[in-house]
Amino acid sequence: MHIFLHLLSSIGGLATHTHNSLSHSLMMEMTGAVVDLEPVEDFIMNFLMKHNMTETMQCFQREWFDLDMADRKDVQEENVNSVYKEVEYLRDEVEKAVTKEKAMEKRASSTESQFERLVKERDHHRTSHRRIVQEKGALQKEMQRLSQRFETLKKEHEELKSKFETALREKMLAKLQKKKAESINPSATMKRTNYLSETATSALRTNATLREHATQRANTLRSLQATQRKKPQSGMSMTVVRPEELLPPSAAKKMTVERARALTAVNTIKASNHAISAMSLNGSSDVLASVDDGGELCLWSLPSGQQEQCVSAHTTWCGGVAFDPNGDTVFTCASDATIKVWETDSLTLISSFVEHAHGVWSVDVHHTGNFLVSGAMDNTIKIWSLQDEVCLFTNRHHSDSVNVVKFQPHSNFVVSGGADKVVCVTDARTGLNKGTLKGHTNAIHGIAFNYSGDVCVSCDADGYVFSWDMNTNERLSSVQVTEHSAYAVAVDTTGTVVVVGCGDGTVKILKLDDLTVCAELQAHDDAVQSLLFDPFGSFLVSAGADGTIRLWS
């Protein structure tokens, strides 16, 4: 009984101590500190061992252990749950970040495509604005010329009217005097009346003669214009080609893909302060002709790049230039609606053709050297006889500006491309359309042929390149080589590769068979506007809007 009371008092003290310890532990847990309960366990164990209470001690140890394990499990589960929650939270944040990144990438891609579209629209509107300004200047000059002509005709009309009124008054006066003389003394006044009558009749006859001369002059001018529009006796005859003429020259070097990839600039010519718009090589490939937006025609010696001659050919931008097959004459066209013929040796003007109503974009000479074709902003193609210096035919199959014209090699056909997105084939013997090649989605800027002329290549403002079978007028291949405009195209003499001049200053090299891009040249600082292969395959010539001409070999 005494021991039991002592145990109760000890347990009471222990309870008080445990209560204080638990309160302290609760405070520590609320403040986040670590709680240590080992002193409590040691006290109870020592007390039970002291009094030899083994069964009570075993019961205590078992319950204390179970309690301790339960507390640790709760803490572990709490920690595990918090980690899982944090992982899930971080995973959601990562998914949100990835979704936001994809949305930003999509928005950036959309903005980039919109920017490129706006750049294309800006370039198109800039070109249209430049063309409209030039057309406005040409129309103002034409209005001034017509105003001057009107004033001249007005003066002539007033003079003729004055003469007619004078003659009419003299005639009436003669009639009155004649009647008066007959009433007074017919025999005495007969001579005077006859004299006055002859004077009035002579004046009327003179006035009638002037009117008759003016009418004859107008009729002569109209008949001359009508005669010029008719086909002369020296029209284009059928071209007969021998099979060996369709083969490239035996001396021509083959432009393999490996050789095209190894092309490097061997000479750079600072040709102009304006953009170079077109180039042409003479038959021997030692003289290069170039025209620019300043209206200048220049001749360059190749491969040295020395300037031989230069002349101000036109007052506005030039659109095209072409040598005749012999290289004796060179033809230029410009926005002043004229085509001019120049002697190569001295660059003296020989003649001009002025039947186009608007600026002329392109010219080309037939392989016989007797005919010329031109394409202009008045939506027409004109075929000219160089022997008679008259227009044979005018073709109006394009519905918009004709940007480029080329004679198909070894044939009588003309292939043209325009802002109406179609390629037209015209028979130069009759002026009739022989086919329309469709597929382009924007204005066509360049046309080229292989040596035999059975494959045609065209490029447009959307950067697409098409190849066509000229025997069937069917499309062979098509590819978009650039996001920018494609301004020029050329095929090497052996018909292996095609080069395309792009708006970003690069030259893309493609295989002619399937139009796959095999190489790229960083050619100019601005758009590449003209490309030429020499007939012997020795070099490639490029010209750009930066005013430079480069030779590649």
Side-chain angles (χ1 to χ4, degrees), residues 224-242 244-246 249 278-285 287 289 291 297 299 313 319-334 338-356 360-376 380-395 402 404-416 424-434 447-449 451-453 456 470 532 535:
L224 180 60
Q225 292 176 349
T227 303
Q228 288 180 349
R229 290 189 177 92
K230 293 180 180 179
K231 179 179 177 181
Q233 297 298 325
S234 57
M236 184 180 293
S237 59
M238 182 177 179
T239 300
V240 179
V241 182
R242 295 189 299 272
E244 58 269 18
E245 293 179 356
L246 300 177
M279 299 184 298
S280 180
L281 278 170
N282 67 344
S284 57
S285 299
V287 177
V291 291
L297 165 64
L299 301 182
V321 61
F323 276 106
D324 73 332
N326 298 324
D328 298 329
T329 55
V330 61
F331 302 84
T332 60
C333 61
T338 62
I339 303 169
K340 294 185 179 181
V341 187
W342 306 84
E343 185 181 2
T344 304
D345 294 335
S346 59
L347 283 187
T348 55
L349 183 63
I350 300 175
S351 61
S352 300
F353 302 127
V354 292
E355 288 195 21
H356 278 290
V360 186
W361 278 114
S362 178
V363 291
D364 194 29
V365 184
H366 193 252
H367 66 272
T368 61
N370 297 326
F371 303 96
L372 179 76
V373 62
S374 60
T380 64
I381 301 168
K382 290 186 180 290
I383 301 169
W384 310 81
S385 170
L386 298 179
Q387 294 178 345
D388 301 322
E389 296 186 358
V390 295
C391 178
L392 301 178
F393 301 105
T394 299
N395 184 300
V402 182
V404 57
V405 290
K406 292 286 183 182
F407 276 109
Q408 182 183 1
H410 315 294
S411 74
N412 299 316
F413 294 106
V414 174
V415 180
S416 58
C424 291
V425 183
T426 305
D427 190 345
R429 294 171 296 177
T430 61
L432 300 177
N433 188 30
K434 292 298 181 181
I447 289 176
F449 295 91
Y451 187 82
S452 60
C456 172
M470 297 307 296
L532 290 174

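Throughout, numbering of the chain's residues begins at 1 and tracks the sequence. Here the structure is a predicted model, which means the values were calculated and not measured.
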Criterion side chain to side chain contact (heavy atoms under 4.5 Å, CB included) on Asp427 and Phe413, from CA distance to verdict:
CA-CA 5 Å; Asp427 190 345; Phe413 294 106; 4.0 Å; yes

Once rounded to the nearest 0.5 Å, what's the spacing between atom CG of Asp324 and atom CZ of Phe331?
6.0 Å

Given side chains that start at C-beta, do those of Thr426 and Phe393 come closer than 4.5 Å, heavy atoms only?
no

Residue pair Leu349 / Trp342, side-chain heavy-atom distance below 4.5 Å
yes

Taking all heavy atoms of Gly320 and all of Ala278, pick out the closest pair and write down the distance.
CA-CB, 3.8 Å

Using 0.5 Å steps for rounding, measure from the CD atom of Glu343 to the CD1 atom of Ile350.
5.5 Å

Do the side chain of His356 and the main chain of Ile381 share a donor and acceptor less than 3.5 angstrom apart?
no

Lys340 (side chain) donor-acceptor with Ala313 (main chain) under 3.5 angstrom:
yes

Given side chains that start at C-beta, do those of Glu355 and Ile339 come closer than 4.5 Å, heavy atoms only?
no

Run the side chain to side chain contact (heavy atoms under 4.5 Å, CB included) test on Thr380 and Val402 for me, step by step, so that the C-alpha distance in whole Å, both residues' side-chain angles and the decisive distance to 0.1 Å come before the verdict.
CA-CA 7 Å; Thr380 64; Val402 182; over 6 Å; no

Determine yes or no for a side-chain-to-main-chain donor-acceptor pair under 3.5 angstrom, with Ser416 supplying the side chain and Val404 the backbone.
no

If you compare all heavy atoms of Asn395 against all heavy atoms of Gly431, which two are closest, and at what distance to 0.1 Å?
ND2-O, 3.2 Å

Worked verdict on Thr338 versus Val354 for side chain to side chain contact (heavy atoms under 4.5 Å, CB included):
CA-CA 5 Å; Thr338 62; Val354 292; 3.7 Å; yes

Do Met470 and Phe449 have side-chain heavy atoms sitting under 4.5 Å apart?
yes

State, with a plain yes or no, whether a side-chain heavy atom of Leu347 is found less than 4.5 Å away from one of Leu297.
yes

Is any side-chain heavy atom of Val321 closer than 4.5 Å to one of Thr332?
yes

Is there a donor-acceptor pair under 3.5 Å between the side chain of Ser362 and the backbone N or O of Val405?
yes

CG-CD distance between Leu372 and Glu389, expressed to the nearest 0.5 angstrom:
11.0 Å

Sorted by chain and residue number, the side-chain hydrogen bond (donor to acceptor under 3.5 Å, both in side chains) partners of Asn433 (sequence neighbours excluded) come out as Thr436

Closest heavy-atom pair and its distance - Ala428, Val414:
CB-CG2, 4.2 Å

Between NZ of Lys406 and CD1 of Ile447, what distance do you get to the nearest 0.5 Å?
9.0 Å

Shortest non-hydrogen contact from Gly327 toward Asn282:
CA-CB, 4.3 Å

Give the intermediate values and the outcome of side chain to side chain contact (heavy atoms under 4.5 Å, CB included) for residues Asn412 and His366.
CA-CA 8 Å; Asn412 299 316; His366 193 252; 3.8 Å; yes

Heavy-atom closest contact (Gly369 atom, Pro325 atom, distance)
CA-CD, 3.7 Å

State, to 0.1 Å, how close Ser452 and His410 come at their nearest heavy-atom pair, and which atoms those are.
O-CD2, 3.7 Å

Approximate separation, where rounding is to 0.5 Å, of Asp364 CG and Phe323 CZ
13.5 Å

Between Cys391 and Phe353, is there a side-chain heavy-atom distance shorter than 4.5 Å?
no

